[in-house]
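Have a look at the structure below before the remarks.
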Amino acid sequence: MSAGGFSRRRLVALVRKETRQMLRDRSNLVVGLLLPLVLVLLFGYGLSFDVRNGRIAVVMEDSSAATSSIVAGLAGSDYLDPIWTNSMVEAEGMIRVGRADAILRVPPDFTRDVVSGGAQLQLILNGVDSNTAQSIESYATGAIQMALAHIADRQGSAAPSGVTVVQRVWFNEANTSTWFLVPGLIVLVMTLIGAFLTSLLIAREWERGTLEALFVTPMRPLELVLAKLAPYLVIGAIDLVMCLIAARYLFGVPMRGSLWIITLSSMLYLLVSLALGLVISGVTRNQFAASQMALLASFMPAMMLSGFVFDLRNVPPVIQMVSQILPATHFMGLIKTLFMAGDYWPQILRANAILALYAVLLIYLSWRMLAKRLD
Amino acid sequence: MTGLTVRAEALQKRFHDRDLGTVTAVDGLTLEIRSGELTALVGPDGAGKTTLIRMIAGLLRPDAGALQVLGIDVIRDPQAVQDRISYMPQKFGLYEDLSVQENLVLYADLHAVPLAERQQRFARMLQMTDLAAFTARPAGKLSGGMKQKLGLACTLVRSPDLLLLDEPSVGVDPLSRRELWKIIQQLVDEDHLSVIISTAYLDEAARCAQVFVMNEGRLLDQGPPATLRQKASGLTFTATPPAGQPARQLQARLIDAPDLIIDAVPQGDNVHFIQQPGADLADLLGGAAVQPRPEELEDAFMILLRGESEGQPISTPPTQPAPAMPARRGDGPVIVVRDLVRKFGDFTAVASTSFDVARGEVFGLLGPNGAGKTTTFRMLCGLLPATSGQLEVAGLNLRHARAQARARIGYVAQKFSLYGNLTVRENLQFFGGAYGLAGRDLRDRIAAMTRQFDLEPAAKSGLLPAGYKQRLAMATGLLHGPEILFLDEPTSGIDPLARRAFWRTITALAQTGVTIIITTHFMEEAEYCDRIAIQDAGEMLAIGTPREVREKAGPEGAKDMNSAFIAIVEAARARRAGQVAA
């Protein structure tokens, strides 16, 4: 009678049970379907690192055709919003109370110096928010250079400085952070399902004592692990479709890699994330501890350390090493390349191999953790 | 049918606890359990019953010894055993968000019950458990007794070679308990099922073919109930106190003399006691009439356990009863309830209830699960407002003066609700502060309480044994010198020995003038009360002294409180059903 192995019938029974439980607990559906939708809209529309209407206080200590064309160049930019001031003192006051992000000062002998060469403009940036400061700096210098080129053009000479720098940003040509954030959001959503939904599953059964009854049946631990993963893979797939549609049609993010590689890699990462949730659940055996731990061990690192927001090349080596341990980091790199650059096979193979390894390891761990023992 | 289902040899199981160190739960246990029989495991808390059952189920691995279940070495191949047995853990193992039918189907699928066999099996289980009308209801919405029957039905979706039941009747009322046993008995009689059941109720053990008495991980004795009972032969008596003296008082006097008396419990207006062999009781009994009575399994159990703790008194009686603080006398009832109603939506939890409780009384509230006891209780404590009716506690109307009323009552919750990582003294200091005690008053009260309940102030609360935790909970409830103490199912899941100790404390408290309101599932405990009330479906069915209530139940119920309770509740239910039909 001891069948010895895996039974499809028991698996089906367990999958049915998990699906029913998932569908009946409304909080599951809120976290699984509604929260990802909110995140997509929030990050897509609300969160942006772009600077628009950067307020720049202009101090004109010289007045001529050249200076007015520079100022006109600033006003013509979408990204800058010049405010006219009468003195340096006033401009400094504005920056101090936060009514201006930068000061552009045109010195008294500017027009004369333009003619003789070696003219100088003073640009003072409020460095409290360095991201904004950097953006404004580049917008302002860009606008000024354009204006200078116009002046030179009008005077019929070559550009005042011998070299003209043509700036160009690759991949994210529009330089909008939406393009950069939305693919990363897929990582976040997949992590969320694992961290918040599956991390509770085994812990709940420990707490309610149902696992004890389940253990003393012919059920095999692997059947339970697979049954717990199945319904949440479906939820994750729905979320993935939602993210892809939003990325393509709502935010117009390019999708240069092939759709099926994006889908397969995402599902593989989803599996890793779900299995990690199960392992956490099995270790803690307590729903509260499991959700806390899942938050700290998977969601937060995926947000902070995977390269979602912060460029990993700029972080200290130790943090870089930590980030390399996270499956999220590998998937983050992959999905951004897939969206922005296209199919780059060495990276696709490497990242998916790492993810597959994690999936196998974590499923093995969660299987061991349900080894039908209470001690 | 003959042969053994379980065979254990020198079985040992230890647990490691960071605070308590190594605890030996099962200590060199050797036993043989026959198949086709009903076998009971009895013993006080911490006897190792649950650990043994879990080892038999292959859920725990013994540290030493051999264990064979159904002829299989369960240590080597637990799955082979788990394929053939069924097990109901203490928490039933039901999925509360699945319906009755879905729970049954899940377990049937897991046990690979053929579809053809299934319909017939389900029909029989549903009929036995009276759940046929509720197949679509989620398990979480069933009453406690129904949940337990469903748990049993799920373990019986196929006929197992061995059925393990771990304390199935904890926290379940007598009616549900009786139904559960009817099912088990039927299965053993008709299917010759082998059943191992652990229980805190000796009357349940008395129905089994074999009884194993365990204590502190070891086997004290074993045998059929009739054989075990003989241990108490010739030592069991009934004492009738002189007219006017409450039985409780005589019982307290007897139980405080461990050299002469092994055990004493009030029973009706009498006291049932077991004497030490050859003891001279003339002085102690002081004029009470004594008659021999037939010995019961519980008597043998008490003798066995008392033999373990030689000469120690069952409880440390309060040496110095702390004075009942405020001497607000003025006779007349301390609790007045008139036409009390509580509705939740369109569900009536308590329907038009009226009663009084006199000062210094021990008042018991009894009723099956879902009878409205807890709701009544919470309204009396001012935790829940009444929908309508009048409620006076300690002379204060709860509608207007809830805060003042609360200062005069103490409350001991069913679960240990103190801070486990604080010491006894710290817990008392905190709760004293919460009641507005401070400085010298607080110190004096804490000293009085720790003395009265024999508590060690520096001990960590979470590590106290269960009985002492309860004493601490009571000390906390009494700290501010309340006139009334509320206890919500204080003895649920506690073994007979600890229950004796608990009631000794209650008896002593009542003598100091504190009024006590208590709920319980153990009907024999009603005998300790001055008056009791029986509730069902929100209605007050009977109220009076234990004797009056028993008499009200008619000839069927007169012999003990358990049958009285069942008779009264069933009569009321039949009446209601008749009204609905008409």
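Below, chains carry the letters A, B, ... as their sequence lines are ordered, and counting in each starts from 1.
Partner of B:Pro62 under the side-chain contact (heavy atoms from CB on, under 4.5 Å) criterion, chosen from B:Val74, B:Ile75, B:Val26: B:Ile75.
A salt bridge does not link B:Asp109 to A:Lys17: none of the charged nitrogens lies less than 4.0 Å from a carboxylate oxygen. Between A:Arg16 and B:Glu102 there is no salt bridge, since no side-chain nitrogen of the basic residue lies less than 4.0 Å from a carboxylate oxygen of the acidic one. Between B:Glu167 and B:Lys49, at least one side-chain N (NZ, or NE/NH1/NH2) sits under 4.0 Å from a carboxylate O, which counts as a salt bridge.
To the nearest 0.5 angstrom, A:Met219 atom CE is 9.5 Å from B:Tyr107 atom OH.
Both the backbone and the side chain of A:Arg373 come within contact range of chain B, with heavy atoms under 4.5 Å apart. Heavy atoms of B:Leu94 lying under 4.5 Å from chain A belong exclusively to its backbone. With a 4.5 angstrom heavy-atom cutoff, B:Val105 touches chain A only via side-chain atoms. Heavy atoms closer than 4.5 Å to chain A are found in the side chain of B:Pro78, but not in its backbone.
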Give the table of side-chain donor-acceptor pairs shorter than 3.5 Å for residues 221-236 of chain A, with sequence neighbours excluded, one pair per line with atom names and distance.
residue, atom, partner, partner atom, Å
A:Glu223, OE1, A:Arg10, NE, 2.9
A:Glu223, OE1, A:Arg220, N, 3.1
A:Glu223, OE2, A:Ser7, N, 2.8
A:Glu223, OE2, A:Arg10, NE, 3.3
A:Glu223, OE2, A:Arg10, NH2, 2.9
A:Lys228, NZ, A:Glu18, OE1, 3.3
A:Lys228, NZ, A:Glu18, OE2, 2.6
A:Lys228, NZ, A:Glu205, OE2, 2.9

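Chain B forms more heavy-atom pairs under 4.5 Å with one residue of A:Lys372, A:Arg208, A:Arg204 than with any other, namely A:Lys372. Of the residues considered (A:Thr217, A:Leu211, A:Leu11), A:Thr217 shows the highest number of contacts with chain B, using heavy-atom pairs under 4.5 Å.
B:Gln12 and B:Asp63 form no side-chain donor-acceptor contact under 3.5 Å, judged by distance and modelled atom types alone.
Annotation: residues 262-285 of chain A contacts chain B through no residue [non-hydrogen atoms, separation under 4.5 Å].
Side-chain contact between B:Arg158 and B:Ser86 is present, with at least one heavy-atom pair separated by less than 4.5 Å. Two residues are said to be in side-chain contact when any heavy atoms from C-beta on lie closer than 4.5 Å; A:Val187 and A:Phe308 fail this criterion.
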